[in-house]
Amino acid sequence: MSTAARKIRLLMLLRRNGVTDVGVLRAMELVPREIFVPATFHDQAYEDTALPIGHGQTISQPLVVGLMSQALELNDRLKVLEVGTGSGYQAAVLSKIVRRVYTVERHRPLLAEAEHRFRTLRLHNITARLADGMKGWPEAAPFERILVTAGGGSEPPPDLVGQLALGGIMVIPLGPDRREQKVVRFRKTEDGLEREALWPVRFVPLLPDIAGEPARTTVPEE
Ligand code: SAH
């Protein structure tokens with residue numbers, strides 16, 4: 001089966017499973033997922049499955065990317081923070097829909113590979129940095145949308161809540177352990193945070209420090 005045919009099959013699967021937002025479907029049609037997976041998995045790039053990307057991390061299942069993007073209620077005026085760049089695929093999908101994407105990763109090699117992909121695909125509205133994403137990106141805050149693509153804890157990190165704009169939406173997997181995680185959507189209103197549990201999910205853990213690296217802030221930009 002050709003790549004184009006596999007892609008159409010995947011898009012139909014997404015639609016059948018509740019991804020109806022036209023902007024999200026279009027973005028997922030535009031972004032070549034094979035660029036974001038290791039060469040050995042190229043033939044599975046358009047299967048609806050998470051795949052290993054090294055360092056114990058995974059590129060999320062396309063349906064999860066579609067549903068989480070849709071849950072963010074996106075449009076082209078928004079500035080979005082993503083925590084957990086990983087392969088860069090989710091950031092690339094967001095970049096096709098919103099004005100600007102800030103994405104944070106704690107693994108230096110993963111970040112370097114993701115940045116290389118952003119350049120190759122000329123996704124110039126994405127800015128990436130090596131840091132602990134739980135602390136957000138204070139200089140670029142507030143964000144109208146925040147997406148966390150690693151899971152854990154029962155409450156969202158306070159710094160992220162602080163950096164969410166009034167009227168903004170945060171989507172984050174929460175739960176005491178991997179078997180009980182749920183994607184939760186928060187809306188920041190004048191009266192505080194509204195919380196809405198969406199569906200069960202399993203993400204790799206959100207971890208505080210940068211593995212094997214001294215604390216640092218930004219990666220030099222080109
Ligand atoms: N969004 C990614 C998949 C995320 S996998 C994609 O589209 O491919 C989760 C990622 O979160 C991993 O790469 C992991 O290293 C990263 N991560 C975990 N805790 C983090 C933290 N505190 N700050 C930044 N990144 C973190």
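Note that ligands are numbered from 1 as they come in the structure, with each ligand's atoms numbered from 1 the same way. Quick note: numbers below take in every heavy atom, side chains included, and nothing from hydrogens, waters or symmetry partners. Residues take their numbers from the sequence shown, with the count starting at 1.
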Option set R106, M134, E105, E82, criterion heavy-atom distance to atom 15 (O) of ligand 1, minimum: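 Going through R106, M134, E105, E82 one by one, E105 has the nearest heavy atom to atom 15 (O) of ligand 1.
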Donor-acceptor pair between Q90 and T103 side chains, under 3.5 angstrom: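 On atom types as modelled, these side chains do not qualify, holding no pair under 3.5 Å.
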Donor-acceptor pair between S87 and R117 side chains, under 3.5 angstrom: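 No donor-acceptor contact under 3.5 Å links the two side chains.
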Partner set under side chain to side chain donor-acceptor pair (under 3.5 Å) for R26, not counting sequence neighbours: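 Not a single residue meets the side chain to side chain donor-acceptor pair (under 3.5 Å) criterion with R26.
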Over-ring placement of R33 relative to Y89, 6.0 Å and 45° cut-offs: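 Ring-cation test returns yes.
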Sidechain-backbone polar pair: R6 side chain, D43 backbone, donor-acceptor under 3.5 Å: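 Checking the backbone N and O of D43 against the side chain of R6, a donor-acceptor pair under 3.5 Å is found.
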What atoms in ligand 1 come closer than 4.0 Å to a heavy atom of [X]?
{"X": "A150", "answer": "11 (O), 18 (C)"}
{"X": "S60", "answer": "3 (C)"}
{"X": "V104", "answer": "24 (C), 25 (N)"}
{"X": "T58", "answer": "3 (C), 4 (C), 5 (S)"}
{"X": "A131", "answer": "23 (N), 24 (C)"}
{"X": "H107", "answer": "15 (O)"}

Heavy-atom side-chain proximity of T20 to Q70 below 4.5 angstrom: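 The answer is yes, as the side chains (C-beta and beyond) meet within the 4.5 Å cut-off.
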Student check: side-chain heavy atoms of Q57 and L110 closer than 4.5 Å: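 Q57 reaches L110 side chain to side chain.
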H55 near ligand 1 by a heavy-atom separation under 4.0 Å: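 Judged by the 4.0 Å heavy-atom criterion, H55 does not count as contacting ligand 1.
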Contact with ligand 1 for T85, non-hydrogen, under 4.0 angstrom: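 Within the 4.0 Å threshold, so yes.
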Regarding ligand 1, does [X] bring an N or O atom to under 3.5 Å of one of the ligand's N or O atoms?
{"X": "G84", "value": "yes"}
{"X": "I59", "value": "no"}
{"X": "S87", "value": "yes"}
{"X": "L110", "value": "no"}

Identified side-chain contact (heavy atoms from CB on, under 4.5 Å) counterpart of L72 within the set R185, R145, E144: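 Of R185, R145, E144, side-chain contact (heavy atoms from CB on, under 4.5 Å) with L72 is met by R145 alone.
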Nearest-0.5 Å distance, CD1 of residue I146 to CG of residue D159: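 The CD1 atom of I146 sits 10.0 Å away from the CG atom of D159.
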Salt bridge (Lys or Arg N to Asp or Glu O under 4.0 Å) involving K182 - partner list, sequence neighbours excluded: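 None.
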At a non-hydrogen distance cut-off of under 4.0 Å, which region of [X] contacts ligand 1 (side chain, backbone, both, or neither)?
{"X": "Q90", "value": "both"}
{"X": "Q57", "value": "side chain"}
{"X": "I53", "value": "neither"}

